[in-house]
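The next block holds one structure in the form of C-alpha cells; read it before the comments.
Every value quoted in this text rests on a predicted model; they were computed, and no experiment measured them. Labels below follow one simple rule: chain letters A, B, ... track the order of the sequence lines, proteins then strands, and each chain is numbered from 1.
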Number of protein chains: 4
Amino acid sequence: MLNLSDTESRILRVACDVFAREGFRNADVQVIADLAGVGKGTVYRHFGNKEQLFLAASKHAVEEVAAHIWKDVIGDADPDDVLANIGTTNMLRKIAASYASYYQRKPGVVELMIQERAEFRQSVFPTHLMHRAEHRGGLERLFQRGMERGELRDFETGPVADAFADMLYGSVVNGCLDGGHQHLPERVACAVEIFINGLACSPIHEE
Amino acid sequence: MLNLSDTESRILRVACDVFAREGFRNADVQVIADLAGVGKGTVYRHFGNKEQLFLAASKHAVEEVAAHIWKDVIGDADPDDVLANIGTTNMLRKIAASYASYYQRKPGVVELMIQERAEFRQSVFPTHLMHRAEHRGGLERLFQRGMERGELRDFETGPVADAFADMLYGSVVNGCLDGGHQHLPERVACAVEIFINGLACSPIHEE
Amino acid sequence: MLNLSDTESRILRVACDVFAREGFRNADVQVIADLAGVGKGTVYRHFGNKEQLFLAASKHAVEEVAAHIWKDVIGDADPDDVLANIGTTNMLRKIAASYASYYQRKPGVVELMIQERAEFRQSVFPTHLMHRAEHRGGLERLFQRGMERGELRDFETGPVADAFADMLYGSVVNGCLDGGHQHLPERVACAVEIFINGLACSPIHEE
Amino acid sequence: MLNLSDTESRILRVACDVFAREGFRNADVQVIADLAGVGKGTVYRHFGNKEQLFLAASKHAVEEVAAHIWKDVIGDADPDDVLANIGTTNMLRKIAASYASYYQRKPGVVELMIQERAEFRQSVFPTHLMHRAEHRGGLERLFQRGMERGELRDFETGPVADAFADMLYGSVVNGCLDGGHQHLPERVACAVEIFINGLACSPIHEE
DNA sequence: CATGAATGAGTTTTCATTCAT
DNA sequence: TATGAATGAAAACTCATTCAT
C-alpha cells in the first residue's frame with residue numbers, strides 16, 4: 001500500500017513465495033535474502049524481524065487479492081452502476097468467482113493466510129478483506145443494499161457477511177489441498193449457489 | 001481408536017493441550033513429557049517422533065469430536081429412525097449445533113486442526129470426519145437420503161457435502177478468534193440456516 | 001561450593017581460562033565446549049546461558065582464592081590462636097601476601113574479577129570474599145580484634161576494611177598488567193607496609 | 001588535547017556517555033552517531049574504528065579529570081608555591097579529595113576506566129594520569145619532594161606512587177557500585193588518612 | 001566531506017533425537 | 001521398558017565496517 005522501495009518489494013515477493021512454500025517457522029530468512037539477491041542484514045534492516053517480514057508479506061499478498069477482485073468485479077465503473085446492472089446475487093457470484101480464480105492461480109497465497117491464522121491467531125482474511133475490496137461499507141453494505149432492493153431476505157448483515165466469508169474461506173482452504181486448487185472455481189460456485197438458493201426443497205422464506 | 005495404554009492416553013491428552021496452546025513448531029516435547037509425568041524417552045518410545053505424536057494427538061482429538069457428535073445426534077438409537085423422526089434438515093442442524101457446542105467448549109481442538117492444515121497440508125477435518133461420524137456413508141449418505149426423501153433439491157452429493165463441511169470449517173476457524181468461540185453456536189446456526197434455506201428471496205428452485 | 005558433577009567442574013575450569021583470556025563478550029561458548037570436550041548443548045544444559053556460566057566460573061574461581069588464603073594463613077589451626085601468635089598486623093601482612101602469591105600464579109583470575117565488574121557492575125571481590133574467607137566476622141572482625149588488642153588505632157571497622165580491600169584490589173588489578181604480575185608480591189607488600197605504618201614522618205596518632 | 005573540531009568533540013562527548021552506560025562491546029556506534037546528530041560514516045571518518053573511538057573517548061575523559069584536578073589543586077598558582085604552602089600530605093589529601101569529588105559527579109568516567117582495563121588490558125588511570133596532571137615529574141616527583149622536605153619517610157618513589165594510585169583506583173572502582181558513588185569522598189578520605197598515618201598504633205618508622 | 005544503505009561474519013540459543021544405564 | 005543426559009544441526013539476529021552517492 002505505502003510506497004515500497006524496489007528492494008523492499010523484491011524481498012516481499014520472494015518472502016511470499018518462501019513462506020507459502022515452507023511455512024512461517026520452516027522458512028529460513030537466509031534463503032529469502034539469497035533468492036531476493038540481497039544480504040540477510042538488508043532484510044532485517046527493512047523489516048525488523050522475521051515476524052514483521054511475514055506480516056508484511058501476508059498483508060502485501062492480501063492487498064493484491066483485494067485489488068484483483070475489485071478490478072475484476074468493478075473495474076473502472078461505478079460500483080453502484082455495476083450493482084444496478086447485474087443485481088446483488090450475481091454480484092456475489094462474481095466476487096466469489098473472482099476469488100476462486102485468483103487462488104486457483106496463486107494457491108500459495110492461501111498457505112500464507114493459513115500460516116497467519118496458525119502462527120498469529122489472526123485471520124487477515126475474510127470480512128476485513130472484503131471491506132477493503134469495496135472501499136466502503138464492504139460486504140455488509142452489499143448485503144444491506146440487496147435487502148433494500150428486495151433481492152435478499154431480511155437478515156442481520158453482520159452474521160450474513162460472516163457466513164459468506166466463512167464459506168469462501170473454508171472452500172478455499174480445503175479446496176487447495178493436494179492440487180485440488182484446479183477445481184476451486186467449481187467448488188466455490190457450488191457453495192455459493194447453495195448459499196444463495198438454499199439446499200432445501202421447500203424454503204421457509206415465508207415463515 | 002486402538003487400545004491405548006494408560007501412559008499413552010495421558011501423553012496424548014497433554015500433547016493435545018500443548019500443541020493447541022503453542023502450535024506444532026513451538027511446542028516442546030520436553031514440556032509434554034514433564035506434564036505427562038514421564039521421561040522424554042518414553043514419549044519417543046511410544047510415538048516415534050514429534051510429527052507422529054502430533055498426528056496421533058490430532059487424530060485422537062478429532063475422534064473425540066466425532067464420538068461426541070454421534071452420541072449427541074444419534075445416541076443409542078438407530079440412525080435411520082432418527083433421520084425418519086426429525087428429517088434431513090433438522091439432522092443437519094443438529095449436527096452443526098453439536099459441532100459448534102463442542103468447539104465452544106474446547107476451542108483448543110480448533111487450533112489443532114489449523115496446525116495440522118498449516119504444517120502438514122492435510123485437513124483432518126471435514127468430510128472424513130463426517131464419514132467416521134456416521135460410521136458409513138457419512139455426510140454424503142445423509143444428503144443422498146435427503147434427496148431421495150424429497151427433502152433436498154437434487155445436487156451431486158460430493159460437492160454438497162464439501163460445501164457443508166467447508167462452511168462449518170470456516171465458521172469454526174474464524175469464529176474461534178479472540179474469544180469469539182463464545183458465540184460459535186449462533187454463528188454456525190446462522191450459516192446453516194442460510195445454507196438450508198438460501199439467501200435469495202425468490203429461489204430459482206424450479207428453473 | 002555445592003557438589004559439582006565431573007562434567008560441570010571440567011566445564012567450569014575451562015570457562016575460567018577462556019573467559020580470563022578472551023573476556024566475557026569475546027569468549028565463544030563453542031570454544032569452551034570444545035576445550036571441555038563436551039557438546040555445546042551440554043554447556044547450556046548445565047549452566048543455562050553464557051551469563052550464568054560466567055558468573056558460575058567467576059564464583060568458582062573466587063571461592064578457590066578464598067580457600068587458598070584460608071589454608072595459607074590459618075591452615076588447620078584455630079584462627080584465634082593464629083592471631084594471638086602473630087598479631088594483627090602480621091596477620092594482615094600474611095593475608096595480603098597470600099593474596100598476592102595466588103594472583104601471581106593465576107593472573108587469569110584477576111581478569112575474571114575485572115570482567116565481572118565491567119560487565120555486570122558487581123565486584124565479587126573484596127570485602128565479601130574476606131568475609132567468606134574468615135567464615136565469620138571477616139576482615140572487619142579482624143580489625144575489631146586488632147583495635148581491642150591495642151595493636152591498631154581506633155577506626156570504624158567498616159571503612160578500614162573497605163580501604164584495605166580497595167588497596168589490595170587496586171594493587172592486583174593494576175599490578176597484573178603486561179606481565180607485571182611477576183612483581184605482585186613486592187607491590188602488594190609495599191602497599192600493605194604503608195597502609196600499616198603510614199607514609200608521613202610525624203604521625204598524628206595522638207591527635 | 002589536540003585541536004578537536006566541533007563535530008569531533010560532540011561525538012566524543014556522546015561516546016563517553018554511551019560507552020560508560022553500555023560498555024564497550026555493548027555500545028552501538030549507530031546510537032552514538034544518532035545521539036551526536038551525525039551519520040555513522042562521519043564517526044568512522046573521524047575516528048577510524050570503534051576501538052579508536054573508545055580510546056579517544058577514554059583519553060578525552062581522563063584528560064578532563066586531570067585538568068579538573070590540576071585546576072582544583074593548583075589553579076593558576078605555581079605548583080611549588082602551593083606545595084610549600086600546604087605541605088606534601090595536605091597536597092595528597094587535596095588531590096585525593098578532588099579526585100573523589102570528580103568521580104562522585106561523573107561516575108560514568110569510572111566505568112570508562114574499567115572498560116578500558118577489561119577490554120584492552122590497559123589501565124589509562126593511575127600513575128600516567130598523575131604524570132600528566134603534574135605536567136612533569138607527576139606523583140613520583142611529589143613524593144620525591146615530600147621526602148626531601150622531611151615530610152615523608154624514605155621510600156622508593158615508584159612503589160609508593162603505585163601504592164597511592166592503586167588505592168585511589170580501588171576506592172573509586174569499588175566505591176562506585178550501586179550508587180555508592182555518593183559516599184566516594186568519605187571512602188577516599190578515610191583510605192588516604194590511613195595511607196598517610198598508618199593503621200598501626202606503634203609505627204616502626206625507626207626500624 | 002557527509003551520509004546511511006547494504007553487507008555477512010560471528011554468536012547465542014534451542015530442541016528434536018539418540019542411547020547408555 | 002523407562003529414563004534423561006548429551007548432542008549438534010539449525011536459525012535468528014546483530015552490528016562493525018564499507019562505499020557509492
Round to the nearest Å and state the distance from A:Glu22 atom CD to F:dA12 atom P. 12 Å
Just checking C:Ala27: base, sugar-phosphate only, or nothing, at a heavy-atom cut-off of under 4.0 Å? sugar-phosphate
Tell me: OH of C:Tyr44 to C1' of F:dA10, nearest whole Å? 14 Å
Test item: D:Lys50 side-chain N/O and D:Ala27 main-chain N/O as donor-acceptor pair under 3.5 Å: yes
What's the NZ-P distance between A:Lys50 and F:dA10, to the nearest Å? 14 Å
Looking at every heavy atom in both C:Val110 and C:Cys176, which two are closest together, and how far apart are they? CG2-SG, 3.8 Å
Taking the nucleotide of DNA chain E with the closest heavy atom to each, which residue, A:Thr42 or B:Asn49, is nearer the 5' end? A:Thr42
A:Arg13 and A:Asp17: salt bridge (charged side-chain N to carboxylate O under 4.0 Å, His left out), yes or no, with the steps? CA-CA 7 Å; A:Arg13 213 162 31 242; A:Asp17 290 347; over 6 Å; no
So do A:Asn26 and A:Arg21 actually touch side chain to side chain, heavy atoms under 4.5 Å? no
Please tell me which of D:Val43 and B:Asp28 maps to the more 5' nucleotide of DNA chain E, matching each residue to the nucleotide holding its nearest heavy atom. D:Val43
Base-paired stretches in DNA chain E with three or more consecutive Watson-Crick or G-U pairs, both distances under 3.5 Å, amount to E:2-21 with F:2-21
Atom-to-atom span, CD of A:Glu51 to P of F:dA11 - whole angstrom: 18 Å
May I ask you to decide whether D:Glu119 forms a salt bridge with C:Arg25, counting only side-chain N to carboxylate O separations under 4.0 Å? no
Could you tell me how far apart C:Ile32 (CD1) and F:dT7 (P) are, to the nearest whole angstrom? 15 Å
Hey, which sits more toward the 5' end of DNA chain F by its nearest nucleotide, D:Val29 or C:Gly39? C:Gly39
Please report the distance, rounded to the nearest Å, between CD in B:Glu8 and P in F:dT1. 11 Å
Provide the start and end nucleotides, 5' to 3', of the part of DNA chain E that has atoms under 4.0 Å from heavy atoms of chain D. E:dC1 to E:dG4
Write down the distance between CD (C:Gln30) and C1' (F:dG8), rounded to a whole number of angstrom. 8 Å
In whole angstrom, give the distance that lies between atom NE2 of A:His46 and atom C1' of F:dC13. 16 Å
Respond yes when some side-chain nitrogen or oxygen of C:Lys40 is under 4.0 Å from OP1 or OP2 of F:dG8, and no when none is. no
Quick one: does B:Gln115's side chain get under 4.5 Å of B:Phe54's, heavy atoms only? yes
May I ask you to test the D:Val62-D:Leu112 pair for a side-chain heavy-atom distance under 4.5 Å? no
Just do the side chain to side chain contact (heavy atoms under 4.5 Å, CB included) check on B:Leu55 and B:Glu116 with the steps written out, would you? CA-CA 8 Å; B:Leu55 261 7; B:Glu116 181 156 3; 3.8 Å; yes
Expected output: side-chain B:Arg117 to main-chain A:Ile114 donor-acceptor under 3.5 Å: no
